[in-house]
**Student:** 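Just passing along the structure, written as structure tokens.
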Amino acid sequence: MNIEEFIDFIITEYESGKSKESEKAFQENNDFIREEQLNKFWKNVMSLFSEKMIKENVSRKNAARILYAFYKDVYNESDIDWGSSKKLKDIYECRVCANAIAQMYDNGILESATKEYFGLNDILSSDELMGSALKLLKHDFLQAKEEIAIRNL
Amino acid sequence: MLRPDKLDDNGRFSSFDNGKILFNKKKNHLPAMGWNSWNAFGSGNTEELTRIMADKIVELGLDKLGYEYVILDDGCYKPERIDGKLSNEENKFPNGFKSLSDYIHSKGLKFGMYNDIGTNLCAGAAVGTCGHERDDAASYIEWGVDFLKVDNCYYPFDNATFSNPENAAFTFAPAIRSIKIVRNEQSREEYTFNAISDGKITGDRAFIENNSVTGIGTYDGTGPEASPVGLRSSELIFNICADNKEIKSVSDNSDKNDNSAEEENFTCLLEIEYQDGKEEGKGNWTQIAVNDDIVFDDFISEDGWPSEKDSDDKNAPDEETKEIKPFEWSKSIKINLKKGSNCIRIMNHRRQENTLNSYARLLKELNELKPENDIIYSACEWGKTHPQNWAYKVCDSWRILNDITFRVGSDGDPGFGAWNQDYTTSVTAQYNKAVIMDEFAGLSKGWNDPDMLMIGMNGLDEVQCRTHMTMWCMMNSPLMLGMDLRRVSANDWMYNIIANKDMISLNQDALGIQAKRIFSTLAEKEPDKEYIRDINRIDVLAKPLSNGDFALSFINVSEEGKNEKISVSIEDIIGYFGEKITRADSYSVKNLWTKEVEENNSGIFEIDGIKACDNVTFRISAIVS
């Protein structure tokens with residue numbers, strides 16, 4: 001699965017309205033807002049990758065950037081405080097995706113390669129990518145935030 | 001594969017201290033002030049948001065206080081070049097950069113842009129200036145750019161962020177076990193010198209390991225670990241005495257030249273026993289100098305080139321499977337030894353030299369295309385190559401560390417900044433390093449840049465933001481606002497901090513002297529030189545000003561309040577600055593945050609307790625009777 005296919009998958013799954021979160025979003029938003037949000041997400045990710053780049057495989061760091069863009073642009077979710085992602089030794093190696101990694105990792109959407117390393121440049125398989133996308137689409141952010149708040153107390 | 005340029009003497013390590021400015025870089029600029037899009041909006045900045053920020057700068061009157069540059073950071077270009085040229089990302093910047101530049105100029109402000117010395121920008125767009133300096137300089141001049149921030153991602157000649165980690169082959173010499181000098185090629189009259197017993201290591205980057213000397217190169221200053229003060233690199237030096245009979249090692253090379261006789265040279269061959277690598281600390285590129293001549297500046301072994309793969313290659317060997325090469329002898333290099341003492345230096349200063357050269361290439365093109373331009377040039381190589389040593393030659397300021405925050409904002413989200421946090425991502429991490437870097441700053445040089453202001457981001461309270469502003473003003477750091485200015489209203493707490501005229505006047509003082517730390521509760525001997533990362537302390541900073549006044553700042557770096565009494569005397573301050581500080585019987589002392597003015601007749605300036613993260617900053621004027 002390349003970057004373009006991954007983005008398409010997320011949008012298609014969201015629009016199908018099957019997942020818990022997308023169902024909620026569909027109920028809360030009208031068609032116009034939904035289209036606006038998806039348009040924003042599409043423009044955002046297309047500004048990150050050229051026509052050539054979107055044909056490339058999806059690295060773990062780029063998966064984080066794409067999923068995070070969806071989290072912000074479509075779900076309009078606010079960031080959570082960094083938690084265990086701070087312990088990932090390579091998180092500061094990616095200045096433009098460190099926060100995306102932290103948000104997706106701490107929300108349980110994306111896993112790290114090992115306990116210590118996120119594995120920025122590892123190429124993810126289609127199954128891994130679809131699994132993370134579905135986690136994002138089905139994620140209950142409110143509940144996750146409550147859990148994280150309790151954990152941080 | 002790209003290959004580093006050949007260097008002339010102006011770009012070499014040996015010229016770093018000569019004070020010479022390159023390619024007609026104009027100097028004597030005060031620290032730049034303005035707004036940069038990164039902390040506020042990250043890659044999500046748009047033309048519309050930028051226009052709004054320019055409007056807000058004028059509406060709030062910030063332009064009258066000196067905030068004049070409006071700078072587009074990463075995320076504004078198309079991800080690929082079009083016909084070899086940079087172009088605007090059309091969704092975010094539909095009317096193009098010239099139109100935006102014209103708008104910003106119409107407001108009486110100046111327009112800044114961003115690029116990178118590597119092949120790509122940090123956010124990924126494949127439009128770095130590397131190899132495109134001429135085209136890009138032409139674009140920037142066409143767009144009316146007044147300020148350029150240039151990053152260091154995807155750099156092909158060092159293991160920078162997103163670069164191939166094997167690029168360390170360019171920036172470290174191999175491990176060296178010994179050298180051999182062959183005087184007579186036919187008879188092989190050989191003299192071998194051991195790196196450990198006969199060589200001498202300069203600096204503390206290199207060290208002895210496995211019967212060899214390794215780490216010959218320059219510290220990586222991106223993270224907070226390495227101090228910025230002192231020699232930041234290491235060489236391996238052999239002092240050799242040569243005469244008609246023999247060549248031998250001597251402890252030093254002073255007073256051994258036989259000046260009575262006509263100078264006699266011996267042509268010899270030099271060979272090096274090395275083990276090369278492609279990792280931080282052990283590379284391949286080797287520089288060899290004999291006395292004052294560079295006799296070799298290249299890969300010692302052609303098969304030691306970094307592989308063609310980039311950092312995205314998941315097949316890079318990990319630590320366990322990495323091949324350890326055997327030691328081997330280099331090809332012979334012809335050298336001339338003179339009768340008497342000689343110094344053979346084995347080194348690799350390319351980390352600093354290559355980076356200087358890459359920044360210089362763009363400057364050269366800008367100044368060739370438009371010699372009268374006065375573009376402010378901001379190096380953002382994150383302190384990796386210790387730019388405090390060289391950047392004054394081509395730039396106006398240089399970042400000293402990696403970013404101050406990795407949690408930048410977006411439209412509707414102010415992002416997050418920390419007072420104290422891991423790595424470089426906090427006010428205090430940046431301050432801890434910058435505060436001992438005053439020797440590198442000045443009007444004829446440029447400014448240490450501890451990154452953009454985080455005032456207005458989540459995570460910092462009013463007191464912390466006030467002290468953040470004080471630190472940056474005292475340290476003559478560029479003042480780049482990094483917030484969504486729609487969140488600011490005239491006379492709210494954020495406005496009162498960024499618009500504190502007294503503070504700004506310290507930063508913009510015509511004398512251009514960065515404050516010196518003259519006291520710290522945790523300093524042992526030299527508060528102005530010691531790199532102290534423990535924040536549980538109070539610092540005192542002093543800064544001479546152009547009208548004979550001076551500023552004095554007591555800064556509680558700690559997140560706990562302190563009850564102790566801290567005092568410094570006028571003699572302490574004069575001890576650091578001499579005649580720049582006026583001795584008087586009494587002084588007028590103005591607190592620059594509370595605006596209270598008091599008279600001081602003792603020449604002792606003190607505080608009695610200070611809140612967590614707070615500062616007490618005075619402007620002190622001698623009262624002449």
Side-chain angles (χ1 to χ4, degrees), chain A residues 3 39-62 64-66 68-69 71-73 76-82 85-103 106 113-114 117 119-125, chain B residues 38 42-46 73-81 89-93 120-127 151-153 160-162 165 222-223 309-316 318 380 382 402-403 405-416 418 421-425 458-459:
Chain A
I3 289 173
N39 197 24
K40 189 177 173 193
F41 167 67
W42 177 252
K43 282 181 179 175
N44 187 350
V45 289
M46 285 302 107
S47 75
L48 300 176
F49 309 105
S50 68
E51 290 297 316
K52 194 174 128 196
M53 292 169 186
I54 61 171
K55 304 294 180 198
E56 292 171 2
N57 290 331
V58 187
S59 63
R60 204 182 293 271
K61 73 179 179 200
N62 280 336
R65 292 176 83 184
I66 294 163
Y68 178 65
Y71 172 86
K72 296 295 282 187
D73 296 339
N76 216 11
E77 286 292 335
S78 54
D79 286 355
I80 56 170
D81 281 343
W82 288 24
S85 58
K86 278 186 199 167
K87 292 178 187 150
L88 296 169
K89 288 182 177 169
D90 52 349
I91 193 163
Y92 291 117
E93 288 173 24
C94 184
R95 58 216 280 121
V96 291
C97 46
N99 192 43
I101 291 167
Q103 298 303 323
D106 286 332
T114 68
Y117 287 92
L120 298 171
N121 300 317
D122 294 351
I123 302 300
L124 297 186
S125 67
Chain B
W38 187 251
S43 297
N45 185 40
T46 63
D73 209 287
D74 206 348
C76 59
Y77 300 107
K78 273 207 172 92
E80 304 271 357
R81 289 176 178 272
E89 207 289 314
E90 284 162 339
N91 286 317
K92 292 192 272 187
F93 294 87
N120 298 51
L121 313 186
C122 293
V127 298
D151 224 321
N152 186 26
C153 290
T161 297
F162 304 139
T222 312
K309 61 177 166 265
D310 59 23
S311 66
D312 287 347
D313 190 332
K314 67 179 292 193
N315 297 319
D318 60 28
C380 178
W382 341 299
N402 210 332
D403 292 2
T405 178
F406 281 55
R407 293 178 61 181
V408 298
S410 55
D411 190 3
D413 175 357
F416 182 88
Q421 199 171 259
D422 301 338
Y423 196 54
T424 63
T425 56
N458 286 342

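Chain letters run A, B, ... following the sequence lines, proteins first, then strands; residues in each count from 1.
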**Student:** Please look at B:D413 and chain A and tell me whether the side chain, the backbone, both or neither of the residue comes under 4.5 angstrom of a heavy atom of that chain.
**Tutor:** side chain

**Student:** Shorter than 4.5 Å, heavy atoms on both sides: which option in B:G42, B:C122, B:G75 has the most such pairs with chain A?
**Tutor:** B:C122

**Student:** Any chance you could measure B:S410, atom OG, to A:D79, atom CG, to the nearest 0.5 Å?
**Tutor:**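 Output value for this atom pair is 7.0 Å.
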
**Student:** Measuring heavy-atom distances to chain A, does B:T425 have an atom under 4.5 Å in its side chain, in its backbone, in both, or in neither?
**Tutor:**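 The side chain, not the backbone.
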
**Student:** In terms of heavy-atom proximity below 4.5 Å to chain A, should B:A123 be classed as side chain, backbone, both, or neither?
**Tutor:** both

**Student:** Would you give the length of the straight line joining atom CD1 of A:I91 to atom OH of B:Y423, rounded to the nearest 0.5 angstrom?
**Tutor:** 12.0 Å

**Student:** Is the closest side-chain heavy-atom distance between B:W382 and A:R95 below 4.5 Å?
**Tutor:** yes

**Student:** Between B:D73 and chain A, with a heavy-atom cut-off of 4.5 Å, which part of the residue counts as in contact: side chain, backbone, both or neither?
**Tutor:**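 Neither; nothing under 4.5 Å.
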
**Student:** Distance check, rounded to the nearest 0.5 Å: A:M46 atom CE versus B:K92 atom NZ?
**Tutor:** 12.0 Å

**Student:** Roughly how far, to the nearest 0.5 Å, is the CD atom of B:E89 from the CG atom of A:L48?
**Tutor:**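 Going from the CG atom of A:L48 to the CD atom of B:E89 covers 9.0 Å.
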
**Student:** Could you measure the distance from the CE atom of A:M53 to the CD atom of B:E80? Nearest 0.5 Å is fine.
**Tutor:**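 Taking CE in A:M53 and CD in B:E80, the distance rounds to 5.0 Å.
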
**Student:** Looking only at heavy atoms, which two atoms of A:S47 and B:P79 are closest? And how far apart?
**Tutor:** O-CG, 3.8 Å

**Student:** From A:I101 CD1 over to B:F406 CZ, what is the distance, rounded to the nearest 0.5 angstrom?
**Tutor:**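 The CD1 atom of A:I101 sits 10.0 Å away from the CZ atom of B:F406.
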
**Student:** Quick one: do A:V96 and B:W38 satisfy side chain to side chain contact (heavy atoms under 4.5 Å, CB included)? Show the steps, please.
**Tutor:** CA-CA 10 Å; A:V96 291; B:W38 187 251; 3.7 Å; yes

**Student:** Is the shortest distance from a Lys or Arg side-chain nitrogen in A:K40 or B:D411 to a carboxylate oxygen in the other one below 4.0 Å?
**Tutor:**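 Salt bridge flag = no for B:D411 with A:K40.
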
**Student:** Does a side-chain heavy-atom distance below 4.5 Å link A:N121 with B:F162?
**Tutor:**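 A:N121 vs B:F162: side chains apart.
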
**Student:** Using heavy-atom distances under 4.5 Å, tell me whether B:C76 contacts chain A through its side chain, its backbone, both, or neither.
**Tutor:** neither

**Student:** Could you report the tightest heavy-atom contact between B:R407 and A:I80, atom names first, then the distance?
**Tutor:** NH2-O, 3.2 Å

**Student:** Between B:N458, B:T424, B:N402, which shows the greatest number of heavy-atom pairs under 4.5 Å with chain A?
**Tutor:** B:N402

